[in-house]
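Remarks on the structure that follows.
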Amino acid sequence: MKVLHLEENHPNLIEGLQALGFQNDPAYDYSLNEVLAKIAQYEGLIIRSKYSINKAFLDRAKKLKFICRVGAGLENIDVKAVESRNIHLLNAPEGNRNAVGEHALGMLLSLMNRLKAAHSSVESGQWNREEHRGWELSGRTVGIIGYGNTGKSFAKKLSGFDVKTLCYDILDNVGDQYSQQVDWKTLQAECEIISLHTPQTPLTHGMINKKFIAGMDHPFWLLNTARGSAVITEDLVSGLQAQKIMGAGLDVLEYETQSFNSIFNGDELPWTLKYLMHADHVLLSPHIAGWTMESHVKLA
């Protein structure tokens, strides 16, 4: 059985497939047209997020028996079209859940302790202690939107702190010993920290917007290690400027390409992106929350 690999992953993946008798063909540098010209030969496909696996793609993949997404998100795959062709679809949401939980916690503690601004101050030759007085996490209420693999991982890590953790999810009965499931109204009324752990769907697109920000009873810190499309960036910036949002830790941005490889795609950067890049109370990372040495192995 022949397997086409569209993106490079940990060598364990190819080695494991070889041990099972699969033929593995890397196509890391292939254009979409080159992939489409070859895909009819293959029973298996290994992807991350480089290309859309849509009906037109699947029409070319006459022999395809399985697709493996090395990661959690399936937004670049037409799941219904895959299922209608009896192609087995696998993903790996467990592979990077610990990494994302740790990254979210690291971002939160850095924001609340104002470490970005403090580091810049020392770097510029200043030693201003009062200007960088931070806040403690202890005693806060944390709200997790999306209580799947990464949301649960973050909640478990928070259990080592003296915090109250609430979660909201479209599925019922997902709460556990680490987080109490509540409705949307309760989440907005009680939480001082909001962390997003949702997939990219029509329901989550733009969910953090002016209405959501205005509906929060407390000024709050925002974390997004999920998908950039969940946050309306202009509304986020307005919230930061009005101090309704105390700080934001963003591992993902709505400006990312589909393959998550860049946000710098035009000659002139959006003013909102420039604001986020230079704001002392904003921490950015390049979609690496689940990108650790350990998760590289686990995902494969």
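Predicted model, so just to flag it, every value in this text is computed and none were measured. We count residues from 1, following the sequence as given.
Met107 approaches Leu283 most closely through the heavy-atom pair CE-O, 3.6 Å. Contact detail for Arg48 and Asn76: the closest heavy-atom pair is O-ND2, 3.3 Å. Contact detail for Leu137 and Leu109: the closest heavy-atom pair is CD2-CD2, 4.0 Å. Across Ile145 and Ile194, no two heavy atoms sit closer than the pair CD1-CG2, 3.8 Å. When every heavy atom of Glu7 is checked against every heavy atom of Asn9, the shortest pair comes out as O-ND2, 3.0 Å. When every heavy atom of Leu166 is checked against every heavy atom of Cys191, the shortest pair comes out as CD1-SG, 4.1 Å.
For the residue pair Thr186/Asp183, the side-chain donor-acceptor check at 3.5 Å is satisfied. Side-chain atoms of Ser124 and Gln126 include a donor-acceptor pair closer than 3.5 Å.
Identified under the ring pair (Phe, Tyr, Trp, His ring centres under 6.0 Å) test for residues 268-291, with sequence neighbours left out: Phe260-His287. Contacts classified as side-chain hydrogen bond (donor to acceptor under 3.5 Å, both in side chains) and involving residues 103-120 (residues at least two apart or in different chains) are given here: His103-Ser285. Residue pairs meeting the salt bridge (charged side-chain N to carboxylate O under 4.0 Å, His left out) criterion with at least one member in residues 84-93, sequence neighbours excluded, are Asp59-Arg85. Within the structure, side-chain hydrogen bond (donor to acceptor under 3.5 Å, both in side chains) contacts touching residues 207-227 (residues at least two apart or in different chains) are Glu75-Arg227. Listed by first then second residue, pairs satisfying salt bridge (charged side-chain N to carboxylate O under 4.0 Å, His left out) with a partner in residues 198-208 number zero, not counting sequence neighbours. Contacts classified as salt bridge (charged side-chain N to carboxylate O under 4.0 Å, His left out) and involving residues 161-170 (residues at least two apart or in different chains) are given here: Lys164-Glu190. Screening residues 172-182 for side-chain hydrogen bond (donor to acceptor under 3.5 Å, both in side chains) gives Tyr147-Asp176 as the qualifying pairs, with residues at least two apart or on separate chains.
To the nearest 0.5 Å, the span separating CG on Leu74 from CG on Leu90 amounts to 10.0 Å. Rounded to the nearest 0.5 Å, atoms CG (Leu240) and CG (Leu276) are 7.0 Å apart. Here Phe220 contributes atom CZ and Ile213 contributes atom CD1; the two are 5.5 Å apart, rounded to the nearest 0.5 Å. Distance CG/Leu64 to CD1/Ile53: 8.5 Å, rounded to 0.5 Å. The CG atom of Leu58 sits 5.0 Å away from the CD1 atom of Ile87 when rounded to the nearest 0.5 Å. To the nearest 0.5 Å, atoms CG (Leu4) and OH (Tyr30) are separated by 7.5 Å.
Among Glu136, Glu131, Glu130, the single residue meeting the salt bridge (Lys or Arg N to Asp or Glu O under 4.0 Å) criterion with Arg133 is Glu130.
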Checklist entry - Going through the checks in order, is the side-chain contact (heavy atoms from CB on, under 4.5 Å) test met by Val100 and His197? => result CA-CA 9 Å; Val100 173; His197 297 269; 4.2 Å; yes
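For Glu192, the salt bridge (charged side-chain N to carboxylate O under 4.0 Å, His left out) partners at least two apart in sequence or on another chain are Arg140. Residues satisfying the salt bridge (charged side-chain N to carboxylate O under 4.0 Å, His left out) criterion with Lys62, sequence neighbours excluded, are absent altogether.
With hydrogens and angles disregarded, a donor-acceptor distance shorter than 3.5 Å links the side chain of Gln188 to the backbone of Phe212. For Ser238 (side chain) and Glu234 (main-chain N/O), a donor-acceptor pair under 3.5 Å exists by modelled atom type.
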Identify each donor-acceptor pair in which a side-chain atom of residues 33-41 lies under 3.5 Å from a protein atom, sequence neighbours left out, and give them as a table.
unit_1 : atom_1 : unit_2 : atom_2 : d
Glu34  : OE1    : Ser31  : N      : 2.8
Glu34  : OE1    : Ser31  : OG     : 3.3
Gln41  : OE1    : Lys2   : NZ     : 3.0

Distance-only criterion, 3.5 Å: show the donor-acceptor pairs between side-chain atoms of residues 153-161 and protein atoms not counting sequence neighbours.
unit_1 : atom_1 : unit_2 : atom_2 : d
Ser153 : OG     : Arg97  : O      : 2.9
Ser153 : OG     : Lys157 : NZ     : 3.3
Lys157 : NZ     : Asn98  : OD1    : 2.8
Ser159 : OG     : Lys156 : O      : 2.4

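In this structure, Val82 and Val79 have side chains that are not in contact, with every pair of non-hydrogen atoms separated by 4.5 Å or more. His205 has its side chain out of reach of Glu254: every pair of non-hydrogen atoms, C-beta onward, lies at least 4.5 Å apart. The closest side-chain heavy-atom distance from Thr165 to Ile144 is below 4.5 Å. The shortest side-chain heavy-atom distance between Tyr255 and Thr272 falls under the 4.5 Å cut-off. Side-chain contact between Leu196 and Val231: present, with at least one pair of heavy atoms (C-beta onward) separated by less than 4.5 Å.
Between Glu83 and Lys80 there is no salt bridge, since none of the side-chain N atoms of the basic residue sits less than 4.0 Å from a carboxylate O of the acidic one.
Within 6.0 Å of NZ on Lys185 lie no more than 12 heavy atoms contributed by other residues, nucleotides or ligands.
Taking Ile, Leu, Val, Met, Phe, Trp and Tyr as hydrophobic and joining them when side-chain heavy atoms fall under 4.5 Å apart, one finds Val3 in a cluster with Met1, Leu13, Leu17, Leu20, Phe22, Ile46, Phe66, Val70, Leu299.
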